[in-house]
Amino acid sequence: MSEPDRTPPPTPSPRTFVPARSAGARRLARAVQRVTSTALGPYQSAVVRIGFSLTWLLFLLFEYPHRRELYGPDGPWDWDMAQQLIGNNHAFTALMWSQSTVWFEIVYGLAVVSAALLMVGWRTRTMSVLFMIGVLSLQNRSIFMGDGGDNVIHLMAIYLVLTRCGQVWSLDARRDAGRADRVGPVLWVALGACLAAVTFTGEIDGGWLLIFWGLLAVHALWWAAGRYAPGQPRILLDVVTNVVHNAGLVVIMAEVCLVYATAGWYKIQGSRWQDGTALYYPLHLDYFSPWPGLSGLLASSGVIVMLLTYGTVVVQVAFPFTLFNRRVKNVLLAVMIAEHAAIAVLLGLPFFSLAMIAADAVFLPTGFLRRVGHRAARVRPRRGDVEAAPVERGPREEQVRTLVE
Amino acid sequence: MSTLWITVRADGDRGGMDSYEDRGVSAGRDDGSGPGAPQAPRAPGIPGSGIAALSLRYQAVAALALAVVGVVACVHLGMVFLHVAPSNTLTKQNGEAIDDWVYPEFEQNWKLFAPNPLQQNIAVQVRAQVRTAGGQWKTTGWIDLSAQDGEAIRGNLLPSHTVQNALRRAWDFYTASHDNADKPNGMRGALSERYVRRTVMLRLAQQDLGGEIERIQVRSETKWVKAPSWSDEKTNTRPAHRVLPWWTVTEADLPEGARSASEAAR
């Protein structure tokens, strides 16, 4: 984040910020310093970024042959129908800007490319915005094609825009901080031109225009501060960016808790979850039983069905509360990830399950994530990285980039 | 589909995992959830960054930003919480404010197979009146489109949304926006009719019915899943039908794929 030649700014001690008289005030000062100086959870935010962009990328590639039926201008949910519904709910989708098939193909292509680039962490902050545009554009175009998996991708695509999710495991983190950046300004100008053009056509409504212009302005501010005001203004930008990142991460975590809490607490009220047979039923729904033999086998034992039924409810209801205990949380996390993996196959919901696993991953412990990272780096040493070490640099040492910087 | 919100605002379009409101069971045992989100510990900020590195004037700006972001995050989580919570005092009093915040982009539905999993197989079936090349009319038998979906799903590690969601959710949309006498409720009702027709016509285009399709009739066939063998419950396995009136197919009912097929038939 810091330019190498930056002169360290005068550093007032935290005491000047909060006159720390009591222990409580000191603790508060320390907490404020922490959330303003650090973008917390670098590995967690990176794994969420990679997980969701990978899920969406695989989904788009897999559905490529069906893309027009799903989201095309002349699919069963045609452009006029989408227009009527969106005229009513004002959802954002670039696909309503034009009825042409060429435009549709461009948007689909951009969604694929932005997902791939976000996954590898190239210009992460920019790609997260384009990724969100891709997700919203396609999903809002044909809302009745989606399921719970699409729903969670939709939300996380928005929340990821707020986070510094490229601090580790990204191309951004590997880029040489000392070298002058030429791509950034070019990208900024290109996207600015696109936004200006879209603004001129009057296709987006005010709120979204404000958001996109605001994001563009923030990137310009970062660039300008790095160049001309490396002292206090630059630190202030860093502080605000960290605060927004940390808030975004909290929202992501709380959202995952809400998913489980809702799923769990509503189940408790259902008679089938109470009598221990709930699991039996989805296994016998034609739309959710790709392997009837396997489903039948699993559903054949009343005791196993009941244990799994009760277990599901217990885990879902308990999960948010286990966050207060690391060890219990990790055990439950493993159970939930395993359950989602089973759902992927048994109920034929691979992308839903992958998305949920990506969401769960925000709670994985840092030590575990680092170990996985090391192992992954050892398996595939890439050109130039061999000495630079598979040890990814900690978030402190490396660049956290915005678009132009 | 969250019926809770349909009453307030006919939305509730996201999600769409099969759930089933258990009307037999009432007793509002409601509770919220505990959000809370501790954070994996990390090294504290180094000097030269964070709010401590700022001069008083900049600190004021930073503190303001911190306050605004904190408040917005809390309000957002509160709104989303109320959106997914059962109808309660707060949602009844502030339903509109919550909807305005949450819709359209933060809409969510996590009643995954809850309160009860769906316990019926609902198949969408169609029959058509076809005019043959010789100018004769003929009515086909019922074609089970959901069974075709089921076949595509069976043995498939990666079922497509086109077979797993398209028809199933189109029918959900139809039933949710019509009353039992098939009267549509407003725009959504009309949209759902057209959507079902187009979805069906796209499917029919892929099969040879022996002529040009003039009219179609759609019905759903609902079969209860047989109670488990270890249970002493009796299940009525006789299928129940909901039969819609005949529809005359117009140009507007033909998606691209169906249109080319109909031209070929002509």
Side-chain angles (χ1 to χ4, degrees), chain A residues 8-9 11 14 17 32-34 36-38 40-41 62 66 69 74-77 81 89 91 143-145 147-148 151 232 235-236 239-240 243-244 247 250-251 253-254 257-259 261-263 265-267 269-272 277-278 280-282 284 286-287 290 302 320-321 323 348 350 366, chain B residues 13-17 22 25 29 31 33-40 42 44-45 47-53 58-59 62 65-66 69 73 77 84 104 108 110-117 119 121 150 153-154 156 158-162 165 168-169 173 191 198-199 202 225 228 230 255-256:
Chain A
T11 314
F17 167 62
V32 169
Q33 172 62 10
R34 209 161 111 89
T36 54
S37 64
T38 322
L40 297 158
F62 170 72
H66 311 125
E69 185 180 340
D74 202 31
W77 185 251
M81 300 159 82
N89 70 9
I143 188 110
F144 297 104
M145 285 294 177
D147 55 32
N151 202 169
Q232 295 274 301
I235 300 175
L236 178 65
V239 162
V240 175
V243 167
V244 171
V250 168
V251 168
M253 291 172 151
C257 290
L258 277 176
V259 172
T262 311
W265 286 101
Y266 278 107
K267 283 189 178 77
Q269 304 166 37
S271 56
R272 291 302 180 197
T277 61
Y280 168 90
Y281 291 95
H284 288 86
D286 296 338
Y287 273 102
F321 302 101
L323 296 181
T366 305
Chain B
D13 297 334
R14 283 185 217 284
M17 290 300 201
D22 187 6
V25 177
R29 248 204 290 140
D31 210 309
S33 68
Q39 181 62 59
R42 287 212 39 77
S49 67
I51 200 164
Y58 280 98
Q59 277 188 350
L66 182 61
V69 170
L77 289 177
V84 297
Q108 46 202 289
W110 305 121
K111 293 183 181 173
L112 309 172
F113 298 111
N116 268 339
Q119 293 152 59
N121 276 304
I153 290 169
R154 213 143 317 126
N156 192 344
L158 300 163
S160 164
H161 275 23
T162 52
N165 293 349
R168 180 176 66 87
R169 293 212 57 208
F173 181 34
L191 278 176
R198 287 173 65 90
T199 305
L202 185 65
V225 172
W230 65 84
E256 186 56 47

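The chains referred to below are lettered A, B, ... by the order of the sequence lines, with proteins before strands, and numbering in each begins at 1.
Here B:Pro228 is the residue among B:Pro228, B:Ala73, B:Pro159 with the most heavy-atom pairs under 4.5 Å with chain A.
One distance of note links OH of A:Tyr280 with CZ of A:Arg272; it measures 10.0 Å at 0.5 Å rounding. Distance CG/B:Asn121 to NE2/A:His284: 10.0 Å, rounded to 0.5 Å. Rounded to the nearest 0.5 angstrom, A:Met145 CE and B:Thr162 OG1 are separated by 7.5 Å. Here B:Leu191 contributes atom CG and A:Trp77 contributes atom CH2; the two are 4.5 Å apart, rounded to the nearest 0.5 Å.
Of the two parts of B:Ile153, the backbone and the side chain both hold a non-hydrogen atom closer than 4.5 Å to a non-hydrogen atom of chain A. Using a 4.5 Å cut-off between heavy atoms, B:Trp230 touches chain A through its side chain atoms alone. Using a 4.5 Å cut-off between heavy atoms, A:Val239 touches chain B through its side chain atoms alone. If you measure heavy-atom distances from A:Val240 to chain B, the contacts under 4.5 Å come from the side chain alone.
Between the side chain of B:Asn156 and the main chain of A:Pro290, no donor-acceptor pair closer than 3.5 Å is present.
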